[in-house]
Amino acid sequence: MSKGLISREDDYSQWYNELVAKADLAEHSAVRGCMVIKPYGFAIWEKMQAVLDQMFKDTGHSNAYFPLFIPKSFFSKEASHVEGFATECAVVTHYRLKNDGKGNIVVDQDAKLEEELIVRPTSETIIWNTYKGWIQSYRDLPILVNQWANVVRWEMRTRLFLRTAEFLWQEGHTAHATAQEAIEETERMLEVYAQFAENWMAMPVVRGRKTASERFAGAVDTYCIEALMQDGKALQAGTSHFLGQNFAKAFDVKFAGKDGKLDHVWATSWGVSTRLIGGMIMAHSDDSGLVLPPKLAPIQVVIIPIYKTEMEFDQISSIAKDLVGQLKKKNIAVKYDDRDSQRPGYKFAEYEMKGVPVRLTIGGRDLENGTVEIARRDTKEKQTISREHVDQFIVELLDDIQVTIYNKALKFREQNTRKVDSYAEFKRVLDEHPGFILAHWDGTPETEKQIKDETKATIRCIPLNSEQEVGQCMVTGKPSSQRVLFARAY
RNA sequence: CGGGGUGUAGCGUAGCCCGGUAUCGCGCCACAUUUGGGAUGUGGAGGUCGUAGGUUCGAAUCCUGCCACCCCGACCA
């Protein structure tokens, strides 16, 4: 394996692919479109899961688990839902293999399933079929359930983490007595995602609503968070859907209100996936490798010894182990890399590639001076400090790195978000300055499609809480009351 | 799924046109010297040339199918 990475400027796609491989995050599997998430990559996902799971619990949700397989008939009940997912479903048709007598293992045609099973691309249908049995009265509501699961969407083109045929995610599915309550839930969970993206991933996001054509299949309204990657392309990082009564009607889920009247239940669903890892990679990393936000880094601090003699090594190790103890007490994930098989320079490069936020080096000079050298991954700055109070110094440094990379990403987004007022300018900016574009749109799917067909840019969202501004659609000249966010997207 | 490209040791490659079981670098193993930014020397291991067929005395090389990956399109929460 060659040592470095191709630069982002030379080939952004290749840079991403090399980084995923060399940082030991994931690799392609023997199965088309499916990835193997390696231990280091999975450790990032586990950190994300732990934080999100707590956030879901803090907002009143409980975890449950529903089946991988969905009967085809369930799937067909909600018309727009089936239409949206039909072209990318894996279907199980048989339940047995047999030996054909010539030494080949073949599908046993006698073992055909009475009803085919769909491998879930999302679980609304099986869940609403189940909720029907759970809900009779308003007293059974709300139901606030989340599940951590894998889903399968048979994608044509895949990229590690960003779009794979199978991926890991969580999907929340809630049931409510009123539309208002469900809408509040939809908005609450969008905000949970936004907070997670910004405070934990250090990735600024735009909160918004999808246009009708970008909406989740079966939703009344889809909210999303959109992030800007370093190549100027947008990434949808999370979605939260107000499903109205669509699934309740499709699965006949009614409840009796206080007044005794029957009504269909109101629903939401919301999810984020391992795609977040791809987003986090592209938001922060540089030509030396991964840059991880300290709050989600599997290893936050690595300690590397530099020594000439066995005796020196022993002295350094004793100090290093003491530091490990101190840092662990502060809940910092620290690793002492005492491998004798690699030289220090090799280790420096390796942990840079893996995005470890802080590197602490102890060598002979430090033994004499009572110091350690501290290097931060995000800026590559190095400084030598006294060994006393190293723990507190590192606590503050990790916080500072978290803030610094967020601010850097935010500045990047601000510098690459442009207001545009004519279609000609829109096309020019799109090519010359890839990024977010705020422009007026007449609100019709026809115009949206025309823009997409002609420029490959899509409306990422209609931003929430953005200023109302009278304007004219850049394509048709029809009136518009606010700018919407355009970009080319992943 | 359409167009183009690639597939040779863990990784990157030469050889392919003009058929005779394979080159080089990195990595790996052993030993020695080394260790403050990807060490050096010596010795060594590692290959059904993506895969399945075909042509041939003989296939990495020629032909066909299939698989995977990359780029571009189509598709896509």
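Below, read A as the first sequence line, B as the second, and so on, with proteins coming before strands; counting in each chain starts at 1.
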Legend entry - Lys/Arg-Asp/Glu bridge criterion (N-O < 4.0 Å) met for A:Glu446, A:Lys449: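 Salt bridge between A:Glu446 and A:Lys449, a charged N being under 4.0 Å from a carboxylate O: no.
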Has the side chain of [X] got a donor or acceptor atom that lies under 3.5 Å from a matching backbone atom of [Y]?
X        : Y        : result
A:Lys22  : A:Gly4   : yes
A:Arg488 : A:Lys456 : no
A:Ser317 : A:Phe313 : yes
A:Arg120 : A:Pro67  : yes
A:Gln300 : A:Val358 : no
A:His61  : A:Phe56  : yes

With the side chain counted from C-beta on, respond yes when [X] and [Y] share a heavy-atom pair under 4.5 Å apart, and no when they do not.
X        : Y        : answer
A:Asp231 : A:Tyr490 : yes
A:Trp270 : A:Glu171 : no
A:Asn416 : A:Phe436 : no

Is [X] touching bases, backbone alone, or none of the nucleic acid, heavy atoms closer than 4.0 Å?
X        : value
A:Trp270 : nothing
A:Gly364 : base
A:Gly33  : sugar-phosphate

Please report the distance separating the [atom1] of [N] from the corresponding atom of [M], rounded so that it comes out in whole Å.
N     : M     : atom1 : result
B:U51 : B:C57 : C1'   : 25 Å
B:C16 : B:U23 : P     : 15 Å
B:G20 : B:U35 : P     : 49 Å
B:G65 : B:U55 : C1'   : 15 Å
B:C49 : B:A22 : C1'   : 8 Å
B:G27 : B:U21 : C1'   : 25 Å
B:C63 : B:U48 : P     : 24 Å
B:G43 : B:C24 : P     : 14 Å

Spacing of [X] atom [atom1] relative to [N] atom [atom2], expressed in whole Å:
X        : N     : atom1 : atom2 : answer
A:Ile316 : B:G36 : CD1   : C1'   : 10 Å
A:Asp340 : B:U33 : CG    : C1'   : 13 Å
A:Trp154 : B:C1  : CH2   : C1'   : 14 Å
A:Glu310 : B:U33 : CD    : P     : 13 Å
A:Gln342 : B:G27 : CD    : C1'   : 10 Å
A:Ile306 : B:A39 : CD1   : C1'   : 14 Å
A:Lys22  : B:G27 : NZ    : P     : 13 Å
A:Asp314 : B:U35 : CG    : P     : 17 Å

Between the protein and nucleotides 70-76 of chain B, are there any N/O to N/O pairs under 3.5 Å, and if so, what are the atom names and distances?
residue	atom	partner	partner atom	Å
B:C72	OP2	A:Arg157	NH2	3.1
B:G73	OP1	A:Lys456	NZ	2.2
B:C76	O2	A:Arg163	NE	3.3
B:C76	O2	A:Arg163	NH1	3.4
B:C76	O2	A:Arg163	NH2	2.4

Using atom names, set out every protein N or O paired with an N or O of nucleotides 41-44 of chain B below 3.5 Å, distance rounded to 0.1 Å.
none

Describe, in one word, how the ring planes of [X] and [Y] are oriented to each other, choosing from parallel (under 30°), tilted (30 to 60°) and perpendicular (over 60°).
X        : Y        : result
A:Phe75  : A:His81  : tilted
A:Trp15  : A:Tyr12  : tilted
A:Trp200 : A:Phe196 : parallel

Inset, instruction - Under 4.0 Å from any atom of RNA chain B, heavy atoms only: list the residues of residues 346-361 of chain A that qualify, in numerical order. - result: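 Within this stretch, A:Tyr346, A:Phe348, A:Ala349, A:Glu350, A:Glu352, A:Arg359, A:Thr361 sit under 4.0 Å of the strand.
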Legend entry - N or O in side chain of A:Arg343 less than 4.0 angstrom from B:A39 OP1/OP2: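 It does, given that an N or O in the side chain of A:Arg343 lies less than 4.0 Å from OP1 or OP2 of B:A39.
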Inset, instruction - Please name all residues satisfying side chain to side chain donor-acceptor pair (under 3.5 Å) with A:Gln109, sequence neighbours left out, ordered by chain then number. - result: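 A:Gln109 satisfies side chain to side chain donor-acceptor pair (under 3.5 Å) with A:His94 only.
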Legend entry - Given RNA chain B, 5'-ward residue of the pair A:Arg460 and A:Leu367, judged by closest heavy atom: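 Its nucleotide being nearer the 5' end, the pick is A:Leu367.
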Inset, instruction - On RNA chain B, check which nucleotide each of A:Ala375 and A:Glu124 is closest to and give me the residue with the more 5' one. - result: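 It is A:Ala375, whose closest nucleotide lies nearer the 5' terminus.
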Inset, instruction - Considering non-hydrogen atoms only, spot the tightest contact between A:Gln342 and A:Lys347 and give its length. - result: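 It is O-CE, 3.5 Å.
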Legend entry - Closest contact, heavy atoms only, A:His176 versus A:Leu144: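 Shortest heavy-atom contact: CE1-CD2, 3.8 Å.
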Any N/O pairs under 3.5 Å between the protein and nucleotides 50-52 of chain B? List them or say none.
none

Legend entry - Runs of at least three Watson-Crick or G-U pairs with RNA chain B, cut-off 3.5 Å: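 Correct response: B:1-7 with B:67-73, B:10-12 with B:24-26, B:28-33 with B:39-44, B:50-54 with B:62-66.
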Inset, instruction - Give the C-alpha distance, both sets of side-chain angles, the deciding distance and a yes or no for side chain to side chain contact (heavy atoms under 4.5 Å, CB included) between A:Val20 and A:His28. - result: CA-CA 10 Å; A:Val20 169; A:His28 291 281; over 6 Å; no
Legend entry - Distance-only donor-acceptor test, A:Lys380 side-chain atoms vs B:G37 base atoms, 3.5 Å: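 For A:Lys380, whose side chain was compared with the base of B:G37, there is no donor-acceptor pair (under 3.5 Å).
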Legend entry - Axial cation check for A:Phe348 ring with A:Arg359, 6.0 Å and 45° limits: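 Yes, A:Arg359 and A:Phe348 form such a contact.
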